[in-house]
Amino acid sequence: MVSGGGLCQTPAMLRALGVILVLVLALAGWCYLNILADPIVRRATIAVPGWPAGAAPLRVALISDVHVQGPDMPPERVARIVEQVNAQHPDIVLLAGDFVGDRVLGTRDYSDAEIAAPLARLSAPLGVYAVLGNHDYTYRGIPRMWEALERVGIRVLDNRVQHVGVLTLAGIGDVHSGHAAVPAVVLAAARMPGPILAFMHSPDVIPRLPSQFGVVLAGHTHCGQIVLPWYGQLASASRYGDRYRCGVIHESGRTIVVGAGWGTSIVPFRLGAPPDWWLVTVGPAQALAKVRAAR
């Protein structure tokens, strides 16, 4: 009798398992389709104390985590998204690391030259600058990706400071791979004129920065990449959890912008964290009020 009851239940169990399998596959398909969407252009305006009198605001494009890899982020797709960035006419372009793809599920890896080539098309009157990410250090080594970017005219600012327009642009190396030379950058920035705009791959270095680093731009977190309703992100790429996960963050008088990036890591899925890049307008408070009113 018991055995017969079990046999009767088997078709129902198989149907239930079939439904579950279909739902799982549908969710996986949806998560994959999400990574194929064009990155969202997000916008922010940040008032910067000490902005030189008479100087116009600047539009800064923040791009991170391109993760060039097949099939979803080949160089051809990067080139197309680059044209979308150029269409917004940024004054400065900042590339916040992780150019290299690392997924086991990828279909093709690309050389450093192939990765850098479409990024060479980025155009901004005050220049295009980059820092390397943890994947660039771990999977390719410093000289290779660094040299490929410099070869196409993208200035790498890992632990370097440069005067750009009215800004002191401070790039900080990746903290997760042990390349963040914070004291050296702080000292170099103090010797330069103009308000400081800092950028780095991971926001985890931010608690080590002094207060004069009032505007900080970063990536690395992918905004969680897979963020479930009512639960949150499945895993955090930051040792600080949700503290610097995504978007515009105000903390102790500092304004931080963390982007979701273009590509993916570990798995080719996104859910609740669509790809994006930021167009951040920085300048004096009065001028930025006019920018907001014009939108």
Side-chain angles (χ1 to χ4, degrees), residues 41-64 85-86 88-97 119 122-132 149-150 153-174 180-203 205-206 208-219 244 247-259 277-292:
V41 185
R42 303 195 189 276
R43 301 173 189 272
T45 55
I46 302 175
V48 179
W51 195 268
L58 295 175
R59 290 154 53 90
V60 181
L62 169 66
I63 299 165
S64 70
V85 175
N86 289 340
Q88 296 295 326
H89 305 293
D91 298 299
I92 304 169
V93 174
L94 302 181
L95 300 167
L119 298 172
L122 286 164
S123 178
L126 295 180
V128 181
Y129 306 90
V131 292
L132 300 186
L149 292 169
E150 293 260 1
I154 297 173
R155 173 80 165 139
V156 178
L157 290 183
D158 276 42
N159 303 315
R160 297 181 178 185
V161 174
Q162 184 163 328
H163 193 60
V164 178
V166 300
L167 293 170
T168 291
L169 186 60
I172 300 175
D174 174 63
V182 175
V185 175
V186 171
L187 182 61
R191 296 171 176 166
M192 300 284 284
I196 298 170
L197 174 64
F199 78 114
M200 69 282 298
H201 177 59
S202 171
V205 78
I206 291 172
R208 297 167 55 186
L209 298 177
S211 60
Q212 59 264 40
F213 284 65
V215 181
V216 181
L217 310 182
Y244 302 120
V248 179
I249 302 149
H250 300 285
E251 181 179 86
S252 303
R254 176 180 288 138
T255 301
I256 303 156
V257 179
V258 179
W277 65 276
W278 283 82
L279 190 63
V280 181
T281 304
V282 292
Q286 185 175 3
L288 293 185
K290 296 179 181 178
V291 171
R292 295 188 190 100

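All values below were derived from every heavy atom in this structure, side-chain atoms included, with hydrogens, water molecules and symmetry-related copies excluded.
- The minimum heavy-atom distance between Pro195 and Pro52, with the atom names listed, is CD-CD, 4.1 Å.
- Ala44 and Val248 get closest at one heavy-atom pair: CB-CG2, 4.0 Å.
- Atom-to-atom distance recorded for Ile172:CD1 and Phe213:CZ is 5.5 Å, nearest 0.5 angstrom.
- Here the side chain of Thr168 pairs a donor or acceptor atom with the backbone of Pro193 at under 3.5 angstrom.
- Note: Ile63 CD1 to Leu217 CG = 12.0 Å, rounded to the nearest 0.5 Å.
- Side-chain contact between Leu197 and Leu58: absent, with no pair of heavy atoms (C-beta onward) separated by less than 4.5 Å.
- For the pair His250 (side chain) and Ser252 (backbone), a donor-acceptor distance under 3.5 Å is absent.
- Contact between Val166 and Trp51 at its shortest, heavy atoms only, is CG2-CZ2, 3.5 Å.
- Annotation: side chain of Leu94 is not in contact with side chain of Val280 (no heavy-atom distance under 4.5 Å).
- A donor-acceptor distance shorter than 3.5 angstrom exists from the side chain of Arg59 to the backbone of Gln88, with no hydrogens or angles considered.
- Distance check, rounded to the nearest 0.5 Å: CG of Asp91 to CG of Leu126 gives 5.5 Å.
- Here the closest heavy-atom approach between residue Ser202 and residue Ala218 is recorded as C-CB, 4.2 Å.
- Formation of a donor-acceptor pair under 3.5 Å by the Asn86 side chain with backbone atoms of Ser123 is found in this model.
- Across all non-hydrogen atoms, the minimal contact from Ala189 to Val161 is N-CG2, 3.9 Å.
- Checking side-chain atoms of Arg254 against main-chain N and O of Leu209 turns up a donor-acceptor pair under 3.5 Å.
- Within the model, atoms CG of Leu132 and CG of Leu95 stand 10.5 Å from one another, a figure rounded to the nearest 0.5 Å.
- Only one option out of Val93, Val164, Leu149 pairs with Tyr129 in a side-chain contact (heavy atoms from CB on, under 4.5 Å); it is Val164.
- For the atom pair CZ of Arg43 and CH2 of Trp278, the computed distance is 11.0 Å after rounding to the nearest 0.5 Å.
- Looking at residues two or more places apart in sequence or on another chain, you find a side chain to side chain contact (heavy atoms under 4.5 Å, CB included) between Ile249 and Tyr244, Ile256, Val258.
- With sequence neighbours excluded, no residue forms a side chain to side chain contact (heavy atoms under 4.5 Å, CB included) with Ala190.
- Contact record, Ala96 with Met200: CB-O, 3.6 Å, taken as the closest heavy-atom pair.
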